[in-house]
2 protein chains.
Amino acid sequence: MSSIRAVASAAGVSASTVSRALNNPELVNAETRRRVLECADRLGYRPNRAARSLVLGRTTNVGLIVPDIANPVFALFIKGVEAYFRDTEYAVFLADTDEDAATEVRLAEAMVERADGLILCAPRMSGMRVRSIAAKTTLVLANRLSRTVPSIAMDFGPGIDQAIGHVHALGHRRCAFLAGPRDSWSNRQRRRFLAAGCAERGIELVELGPYEPRFGGGYRAADEALAADVTAVFAYNDLVALGVLARLRDRDVPVPGRMSIVGFDDVPTASMVAPPLTTVAVPIPAVARAASAMLLAKLREARPQGAAEPPPPRPPAPELATRLLIRSTTGPT
Amino acid sequence: MSSIRAVASAAGVSASTVSRALNNPELVNAETRRRVLECADRLGYRPNRAARSLVLGRTTNVGLIVPDIANPVFALFIKGVEAYFRDTEYAVFLADTDEDAATEVRLAEAMVERADGLILCAPRMSGMRVRSIAAKTTLVLANRLSRTVPSIAMDFGPGIDQAIGHVHALGHRRCAFLAGPRDSWSNRQRRRFLAAGCAERGIELVELGPYEPRFGGGYRAADEALAADVTAVFAYNDLVALGVLARLRDRDVPVPGRMSIVGFDDVPTASMVAPPLTTVAVPIPAVARAASAMLLAKLREARPQGAAEPPPPRPPAPELATRLLIRSTTGPT
DNA sequence: ATGAAAGCGCTAACAT
DNA sequence: ATGTTAGCGCTTTCAT
């Protein structure tokens with residue numbers, strides 16, 4: 001592994017000149033620079049990242065923590081973040097917390113040491129914990145809003161409004177919300193918007209659950225929804241909706257004849273099943289881009305140390321709006 | 001950020017003693033050590049990784065490259081690798097190549113700089129490229145076998161044998177293989193085993209495709225399979241099988257009445273659709289574990305530099321066997 | 001425009 | 001058992 005000195009002596013200059021030729025081309029004579037670059041290339045020189053990090057005090061890495069890679073929503077989110085940083089000097093560290101709160105914290109701590117900034121998708125982490133991490137690194141929260149920490153989340157309003165309007169128009173007056181994890185930010189959001197919207201339209205909303213936010217959770221939820229005598233359900237997410245659909249099919253309950261189903265997320269599977277799932281699509285790639293851009297901006301803004309951080313602007317972002325996708329699991333009462 | 005020297009002076013010892021207390025506890029007096037640890041803890045001391053990497057010449061990171069995170073098979077693989085390294089000193093860097101060969105190479109190069117070793121899932125990369133990467137870092141290939149580079153792949157034999165036996169028993173004598181990407185290692189494997197097995201049992205096998213290894217590819221494949229007048233298809237993977245299933249349903253072709261379908265992979269969706277998919281399940285977690293273990297072993301074996309690498313033992317690994325999952329998309333002719 | 005020298009935070013001989 | 005010293009590869013003053 002050839003070092004900067006090898007290149008320097010090959011080019012007949014000092015190490016500093018090589019460094020400059022590489023990092024501040026304008027500070028070095030064009031011809032010298034050409035020679036240096038040529039030698040570096042010939043020797044296959046790759047700057048040692050550790051040495052560079054040591055002196056610069058930054059790693060040029062960013063961390064990304066998500067609850068569950070196998071969840072298509074997060075998979076898409078990761079892809080978005082990776083794609084965004086692919087064209088920058090940063091590489092991304094990924095960690096999967098297995099939906100476990102303790103792991104979330106452990107991994108976040110581990111990331112802090114290895115990256116200059118962190119995108120955190122940790123729906124269950126306490127606000128206090130989040131702030132403590134924010135104190136140690138440049139942090140951006142995704143899928144969760146905070147007043148103290150820069151954060152990006154989608155706007156549930158439009159999609160849920162549309163869903164309620166749709167279900168109402170089909171004549172449903174008694175519906176259920178199949179809740180996900182009690183303490184998750186997005187469960188609370190979904191519930192809140194749903195409750196408000198239903199109240200407004202005079203739809204009676206009963207809450208069932210919480211259910212595991214997976215296929216199995218929905219499978220169980222289906223029977224309880226039937227027993228609760230509702231004509232439509234809003235599932236916490238598509239996985240749950242898919243479970244409901246499967247269970248109703250197994251019980252020979254017609255969908256949407258006897259029960260309408262609205263999912264959340266628009267995972268790929270939602271459109272592969274029969275009948276394809278009506279669902280509230282979430283703008284994951286947009287969230288990923290926005291969170292990445294926010295982190296990159298914070299990383300790049302050379303804030304003189306100690307200078308106060310400007311409050312992150314939170315413009316209304318239309319690209320972060322959810323929207324209803326009407327497919328075939330919803331029908332008239 | 002407090003340095004090792006801050007801890008040293010707080011504990012009234014030298015930096016080396018702190019270093020030793022942390023890294024080689026047995027070399028330091030128990031009482032001294034206690035004091036050092038106490039001070040380190042009190043000061044919130046975190047060793048600077050860059051400095052450590054610089055002197056040690058290792059990063060304590062490993063890289064992981066996969067073609068597509070959104071593919072459930074790889075998602076599971078990633079999870080497996082992450083889980084494995086979670087209990088070690090290593091953190092894992094993830095990169096998604098978007099199924100693109102050029103990106104594969106670029107990312108692999110980027111990883112080499114940041115990690116001590118690499119698990120590469122690059123079905124399309126040329127053998128030459130692979131070897132060139134292997135020359136630069138500790139490399140383990142996953143889902144692909146190589147004679148020169150340590151590699152782990154599942155054993156397609158058992159699952160495919162069972163699938164062919166199953167289809168044969170149901171009376172099918174003319175089947176199709178719905179091929180995936182021509183140049184992918186696993187497509188070649190699947191095809192080869194299928195061809196051999198069918199020949200052995202006197203089943204006529206026609207090859208269709210290649211198709212895009214996604215739902216859409218299968219959607220297209222369905223019509224061609226019907227036209228090819230086969231009674232059963234082996235899809236390249238479950239996504240393709242799911243597409244076939246959906247298309248046949250749209251065309252009111254009974255499954256398995258008129259057409260039997262066998263998938264590959266056993267992705268979660270396979271069991272969520274109706275009828276649930278008969279498929280050859282692949283032991284992804286086992287592959288992930290095996291690849292991770294192999295990499296960790298290579299990383300840990302302190303090979304005196306220049307010493308020849310021992311040929312990696314490749315024991316028959318029963319846990320790497322695929323196996324048929326009979327569900328409901330296969331039936332008698 | 002370039003070089004010499006110092007130092008980032010840590011570990012590992014080498015002394016004692 | 002502990003301290004002293006040198007040095008990992010790089011960037012960045014400070015001279016020239």
Side-chain angles (χ1 to χ4, degrees), chain A residues 1-41 43-61 89 112-116 136-137 302 304-305, chain B residues 1-40 43-61 89 112-116 136 302 304-305:
Chain A
M1 203 61 262
S2 59
S3 80
I4 200 173
R5 291 224 264 268
V7 179
S9 76
V13 296
S14 75
S16 341
T17 300
V18 175
S19 175
R20 281 190 284 253
L22 262 22
N23 305 317
N24 302 80
E26 70 282 6
L27 294 185
V28 65
N29 180 291
E31 165 56 18
T32 314
R33 174 160 170 257
R34 204 201 47 67
R35 218 169 58 241
V36 168
L37 261 27
E38 196 264 320
C39 290
D41 191 57
L43 297 181
Y45 170 69
R46 314 258 36 172
N48 178 315
R49 296 196 86 82
R52 181 180 253 254
S53 290
L54 179 55
V55 59
L56 258 23
R58 36 188 235 117
T59 59
T60 335
N61 296 150
E89 67 270 36
V112 167
E113 293 181 17
R114 311 170 124 101
D116 300 331
K136 293 188 203 133
T137 190
Q305 53 181 0
Chain B
M1 204 62 259
S2 59
S3 80
I4 199 173
R5 291 226 263 272
V7 178
S9 76
V13 297
S14 76
S16 342
T17 301
V18 176
S19 176
R20 279 188 288 253
L22 262 23
N23 305 316
N24 302 81
E26 70 283 6
L27 294 184
V28 65
N29 179 293
E31 165 55 18
T32 314
R33 175 160 170 257
R34 202 200 49 68
R35 216 171 58 242
V36 168
L37 261 26
E38 196 263 321
C39 291
L43 297 182
Y45 170 70
R46 316 258 33 170
N48 177 315
R49 298 196 86 81
R52 181 180 253 253
S53 289
L54 180 56
V55 59
L56 257 22
R58 33 186 239 122
T59 60
T60 336
N61 297 150
E89 67 272 35
V112 167
E113 295 181 14
R114 311 172 123 101
D116 301 331
K136 294 189 202 130
Q305 53 180 1

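Here is how names work: the chains are called A, B, and so on, in the same order as the sequence lines, proteins then strands, and each is numbered from 1.
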Checklist entry - Sequence neighbours excluded, which residues qualify as side-chain contact (heavy atoms from CB on, under 4.5 Å) partners of Ser2(B)? => result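 So Ser2(B) forms a side-chain contact (heavy atoms from CB on, under 4.5 Å) with Ala6(B), Leu43(B), Tyr45(B).
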Checklist entry - Mind checking what makes side-chain contact (heavy atoms from CB on, under 4.5 Å) contact with Thr137(A), not counting sequence neighbours? => result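 With neighbours one apart ignored, the set is Val112(A), Leu118(A), Ile133(A).
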Checklist entry - Per the end-axis method with five pairs at each terminus, what is the bend angle of the helix from dA1(C)-dT16(D) to dT16(C)-dA1(D), to 10°? => result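 Between the first-five-pair axis and the last-five-pair axis there is 40°.
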Going by salt bridge (charged side-chain N to carboxylate O under 4.0 Å, His left out), name the residues that satisfy it together with [X], two or more places apart in sequence or in a different chain.
| X | answer |
| --- | --- |
| Arg20(B) | none |
| Arg33(A) | none |
| Glu31(A) | Arg34(A) |
| Arg58(B) | none |

Checklist outcome for this item: For nucleotides 9-16 of chain D, 5' to 3', base contacts (B), sugar-phosphate-only contacts (S) and non-contacts (-) with protein non-hydrogen atoms under 4.0 Å give BBSBB---
side-chain hydrogen bond (donor to acceptor under 3.5 Å, both in side chains) involving [X] - partner list, sequence neighbours excluded:
| X | answer |
| --- | --- |
| Arg46(A) | Glu113(B) |
| Ser53(B) | none |
| Asn48(B) | none |

Checklist entry - Quick one: CD on Glu89(A) to OG1 on Thr60(A), what's the gap to the nearest 0.5 Å? => result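 It comes to 6.5 Å.
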Next on the checklist: Any residue in residues 32-40 of chain B with a heavy atom nearer than 4.0 angstrom to DNA chain D? Just list them by number, or reply none.
Outcome noted: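 Of all residues in residues 32-40 of chain B, the ones placing a heavy atom under 4.0 Å from DNA chain D are Thr32(B).
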